[in-house]
Structures are given as C-alpha cells and as structure tokens.
**Q** 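Have a look at this one.
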Protein chains: 2
Amino acid sequence: METTSKNLNQSIIKAFTLLDAFTTEKKEWGVRELATKSGYNKSTTYRLLSTLVSLQVVQQNENEKYSLGSKLFELGNRVSLYQSLINATKIPIRDIAIHIQETVLFGVLKNNQVFYINKAESLQGLKISTSVGSYQPINATAIGKVLLAFSSHEKQQNTLKMMSFNSYTRKSITKKNEFITELEKTKNQGYALDLEEFELGLICVAIPIFNKNNKLIGSISASGPSSRFELKNVSNYISILKNGAQKINL
Amino acid sequence: METTSKNLNQSIIKAFTLLDAFTTEKKEWGVRELATKSGYNKSTTYRLLSTLVSLQVVQQNENEKYSLGSKLFELGNRVSLYQSLINATKIPIRDIAIHIQETVLFGVLKNNQVFYINKAESLQGLKISTSVGSYQPINATAIGKVLLAFSSHEKQQNTLKMMSFNSYTRKSITKKNEFITELEKTKNQGYALDLEEFELGLICVAIPIFNKNNKLIGSISASGPSSRFELKNVSNYISILKNGAQKINL
DNA sequence: CAAAGTGTTTCATTATATGAAACGGCGTTT
DNA sequence: AAACGCCGTTTCATATAATGAAACACTTTG
C-alpha cells in the first residue's frame, strides 16, 4: 500500500493521530471516547495507548483517563531548531514585555500559518490565550502579515496560493487582493497591525526579525486590549520592539 | 508476544527508540548511522524515518541528515501537567535569578531521578548546561536531596531502593547510609547543598516547594561557580529562594 | 577511475496488528 | 437488591502490515 508515493508505517500514523487529540482545550480522554474521536477500534486504541503509556509518551491518570506524558515534554525540549530560537529571544522579549507592559510573542511561518515559538507576559498585561507550539492564521494576525510581507517573492507566491483567508471577526481580511495590498503596506512601513482582525477587543503590532545575514528568522509582536493599546502609541511601541529586536542575535 | 504482561505495538516502540537517539549532544543522524545505533535494519530505519517525516515529528535537513521536528515541539508544549508547573514558576524563578544573579532551576522527581521542568538564567550568571526536559541523579544534586528528603516515607524507601549512587566527582555521595544521613540533615535544616558533588566548580542550594495543601510539588535551586557562590552567603540565598517560592501558587 | 559511503526502492517472506466478543468493575436507576 | 449502562481491559482467530536482503543511483574520497 502506498501513501505519498511510498509505504508509511500505519501504526505510527495511528499513534500520532491519537496524540493529536490531546489539546489545550481537551487534555484527557477515555479509551472509548478517543476511539470514537479517532475512528479506530477500541481494542486497537487501548493497545496503542498501552504502548504509549509504557514509553511515558502518555500517562494514565487516577480517574483512568489518559493525558500526554513526560516523554513528549522531554523530546519537545530537544527540538534544537526551536530551542535555539527560544534561547535567542527569551531575554529580549521578556524585557520588551516588562517595558511595554503587554504580552510579547515570537513566531515563524510553518504549514502556511503562524507557528508560535516563544511568549513573554507582563503582570499588568492582558492574558493572551495564544500558546507556544500553537498555530494561527496568516491573514488575521500582525505576525502573519509581517512574516509574509518580508518573505522572498517565491515563498510569498507559494504561501498566498496555499493559505486560508477565513473570517475571524468582521474586520478580518478575507480577499486575497486586499491582503496583497496589506502586505505591500506592511513592507513599506516596516511593521503590521492587527486591529481586532483575529479577536475582538485585541490589537497587535508586529515587526520582522532578521539574523546577521539579513535573513528573516521570525517576527515579534506586542498585543493588548483595544481599550489600552491606543493607536497614538503605536510608534512608541514600535520603537520599543525594534530596540528589543536588536538584542536578538542569531 | 508479550511484554510487561501485555502485547505492545512494536512499531511505536521502534519509532520512539529512534527519537530517543536525538539528544542535545547529537542533534542529527544519517539513516545508516541511526540504524547502527538502534540495531534496526537500514530499510526499516529508513521507512520509520519517512513516516516520522511525513508527520513532522522528524525533519530531513539539507545535508540529508535527520533531526527532531516541529510536531514534537508542538506536543511537548501541550503536556498540561508540566505547562501548569512552568506557568506557576516562570515569573518567580525569573525574579529570583535577577535578584541572586545566578541560574535558577525547578525540578521534580521522575524515574528515580531529578527531572528539570523550568530554568531561569541571569546575564551575569554562569551558563549552566542543565537543560529543561533532562534528567540528573538524586544523590549528587541539591534538588535531588531536597525532593527525596521531603517525600513521604514510602516514596523515600522505594526510591532509595531503585535509585543509583554513582560517582560524578570525588565529592559525590555514593554510599546509601551516608546519603540517608544527608537526607536527615536536609530535612532538619530545610534546604540542601551540592558542593561540587555533580560537577567540579559548581555549587547549588535548593529548597522544597509546596502547594496550598502542603503537598510537595517540586524543588528550586540556585547554582553558581564555587568562586562566587561563597558559603557565607548561603543563608542570604536561602532567604531569596524562600521569598520567591512564596509567589509560586498551585 | 575505483572504492566507499550514503539515501532510497523493491518484493517475497515473516511477523505483527486487528477487532468482535466477552469479561469484570463501578456508578446509576428502578 | 437487581438490572442496566458505561467504562477499561483481555482473548484469539484472522487479516494485514512490516521486514530485510539485495540492488540501485548518487556523492565523496583516495
């Protein structure tokens, strides 16, 4: 049997299908519940879970439900590409968060979406639900606009073809040509804004991050509630973001 | 075929055996190299890697070598048990690190070892190589001594039976009865010291962390070079650690 | 140019995985 | 107290997938 022009191991695919069911919204599953969700037989699901438990990839709680285990935490902390990005951004975005008094995020383009790599919060800042290791759309986020605007022409064309243009609020940009205009504006002004486009009440401003070779490595943003994140302060926030960005060395 | 009195899925076991080979010391492997390391046939290894690549669990680099991929980073950030511990300890240990000007670590007991969950560094502090998601021995670390000293009697007896007593430096405690004496001392004084027992030149001091129900949830330590971490300052460091610990709410 | 190493593919053979049926336990309902 | 409904778990005959030796094409090294 062939998948993507070569045989792939079905058991491993099944195992990761099960692991994907564990999210920040639903952290634990029973055997039959997970079998229903995944479409696998409950005996198969039970055996796959037992194997994952024996490897500490999954753990069984006292209520007999299953949740993700320590081995994933261990392996997740060994993904060297992202660990080096986290190490490089950790202190700069912490300092920006303290200075600006809002949540700061660092993200990259992956799977035609924004992939969040690091996050720094401020005690006074609004609790942003975005979590590290999660994805958000390009068309409705400041980081997404920046990452696409500052990508190579080829990368931009490919992504524009593949990405989604869904509506998250009434302010989301859902037409491709309007989004292209927004990308040109972003490129010209050197930053992007998300004016309640992804989530009502939330405003974000983002700038690109380059390495020594002037290659785009990601984007950082500051996010806050529209009631506090006055547009008149945008240029001030941008200065703080840029100052912080200079301390990211890669 | 039975393993631990039940059948487990061999393919999943093989996949995670391969994933375990990717460490902070060796981040990428070729197919045949990994086959030799794991003991699996190179065709089998190739097919397992291909499956893992298609799931983004592993990625193939431009030099054709393989390394861990984004899916593990994603899943690793969804292990809710540790994410909640990280969220609770993040700001307190950051503040301790700034105040004490050394590296601060948070760890728990797992697999009869210390398992590191969080880490905060100081610009001036010595770069400690210990990484989040890694293990270190109980007998030769301050955090290990604290975690065992403040565990229940049953947990302590079980762990003493199962743990190792290896030597890391000439100062390591390698005799069980000497270690038990050290645990009693730790319990009495409310903190533990690692005086170059795990790594020459490195001194650590650790205290226990309890939740609202007075249940032990982990331990935090401050680590620094023996040239700067003078013993006369220990009581001062302990005060700072304890003040910081009070801000950890669980 | 030959040798040595790599990643990748094929297919006959072997081994493993599967899932229906059943079990025991627990909480709820009658 | 008994029946019911749901859970996690186990068994074993059957079906399916995984395996690995051999070979290929490519790149690097001597």
Side-chain angles (χ1 to χ4, degrees), chain A residues 1-23 26-69 71 80-81, chain B residues 1-23 26-69 71 80-81:
Chain A
M1 190 261 281
E2 291 228 330
T3 311
T4 64
S5 68
K6 54 179 169 287
N7 274 326
L8 296 178
N9 188 294
Q10 296 309 304
S11 296
I12 298 172
I13 290 172
K14 283 175 175 165
F16 279 92
T17 298
L18 296 185
L19 293 177
D20 269 335
F22 296 89
T23 61
K26 190 165 176 64
K27 306 175 200 295
E28 59 175 22
W29 295 80
V31 177
R32 293 183 194 231
E33 193 182 19
L34 187 50
T36 301
K37 163 80 172 174
S38 64
Y40 301 144
N41 184 280
K42 69 185 191 306
S43 309
T44 302
T45 302
Y46 180 79
R47 217 168 9 245
L48 294 170
L49 284 173
S50 292
T51 306
L52 293 170
V53 166
S54 76
L55 298 167
Q56 298 190 354
V57 173
V58 150
Q59 68 180 37
Q60 190 173 22
N61 305 321
E62 286 180 5
N63 61 354
E64 300 196 311
K65 306 286 201 195
Y66 293 83
S67 52
L68 295 181
K71 175 61 69 172
S80 58
L81 172 63
Chain B
M1 190 260 282
E2 290 226 332
T3 310
T4 65
S5 63
K6 54 177 166 295
N7 273 327
L8 297 178
N9 188 294
Q10 297 309 304
S11 296
I12 297 171
I13 290 172
K14 283 175 175 164
F16 279 93
T17 299
L18 296 185
L19 294 178
D20 268 334
F22 296 89
T23 62
K26 190 166 177 61
K27 308 177 200 291
E28 59 174 25
W29 294 81
V31 176
R32 294 184 193 232
E33 192 180 22
L34 188 49
T36 301
K37 162 79 170 172
S38 64
Y40 301 145
N41 184 280
K42 69 183 190 311
S43 310
T44 302
T45 302
Y46 179 79
R47 214 169 8 245
L48 294 170
L49 284 172
S50 292
T51 305
L52 293 171
V53 165
S54 76
L55 297 168
Q56 297 188 356
V57 174
V58 149
Q59 66 179 38
Q60 190 172 22
N61 305 320
E62 285 180 8
N63 60 355
E64 301 196 310
K65 306 286 198 191
Y66 293 83
S67 52
L68 295 181
K71 174 62 69 172
S80 59
L81 171 64

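A, B, ... follow the sequence lines: proteins, then strands. Residue 1 opens every chain.
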**Q** Between D:dA17 atom P and B:Arg47 atom CZ, what is the distance in whole Å?
**A** 13 Å
**Q** Provide, to the nearest angstrom, the distance between the CG atom belonging to B:Leu18 and the P atom belonging to D:dT19.
**A**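 Interatomic distance, CG of B:Leu18 to P of D:dT19: 10 Å.
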**Q** Closest approach of B:Val53 and B:Gln60, non-hydrogen atoms and distance?
**A** CG2-N, 4.4 Å
**Q** Please check: side-chain N/O of A:Glu28 versus main-chain N/O of A:Lys26, any donor-acceptor pairing under 3.5 Å?
**A** no
**Q** Is the distance from OP1 or OP2 of D:dT19 to the nearest side-chain N or O of B:Asn41 less than 4.0 Å?
**A**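 Answer no for this pair, as no side-chain N or O of B:Asn41 is under 4.0 Å from OP1 or OP2.
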**Q** Rounded to whole angstrom units, what separation is found between the CG atom of B:Leu8 and the P atom of C:dT18?
**A** 13 Å
**Q** Between atom CD1 in A:Ile12 and atom P in C:dT16, what is the gap in whole Å?
**A**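 So the CD1-P distance, A:Ile12 to C:dT16, works out to 15 Å.
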**Q** Could you state the atom-to-atom distance from CG of A:Leu48 to C1' of D:dG8 in whole Å?
**A** 15 Å
**Q** Could you state the atom-to-atom distance from CD of B:Glu62 to P of D:dT27 in whole Å?
**A** 15 Å
**Q** Considering residues at least two apart in sequence or located in another chain, which fulfil the ring-ring contact (aromatic ring centres under 6.0 Å, His included) criterion with A:Tyr40?
**A** none
**Q** To the nearest 0.5 Å, tell me how far B:Leu18 CG sits from B:Ile13 CD1.
**A** 12.0 Å
**Q** Consider side chain to side chain contact (heavy atoms under 4.5 Å, CB included). Of A:Val31, A:Asn61, A:Leu52, which one does A:Tyr66 pass it with?
**A**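 Answer to the side chain to side chain contact (heavy atoms under 4.5 Å, CB included) test with A:Tyr66 among A:Val31, A:Asn61, A:Leu52: A:Val31.
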**Q** According to side-chain hydrogen bond (donor to acceptor under 3.5 Å, both in side chains), who are the partners of B:Thr45, at least two apart in sequence or on a separate chain?
**A** none
**Q** What does nucleotides 2-8 of chain C look like as a protein-contact string, B for base, S for sugar-phosphate only, - for none, at under 4.0 angstrom between heavy atoms?
**A** ----BBB
**Q** Starting at atom CG of B:Asn9, determine the distance to atom P of C:dA15, rounded to an integer number of angstrom.
**A**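 The answer, rounded to whole Å, is 17 Å.
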**Q** Separation of A:Leu49 atom CG from D:dT9 atom C1', in whole Å?
**A** 12 Å
**Q** Answer yes or no: does a side-chain N or O of A:Lys14 lie under 4.0 Å from OP1 or OP2 of C:dA17?
**A** no
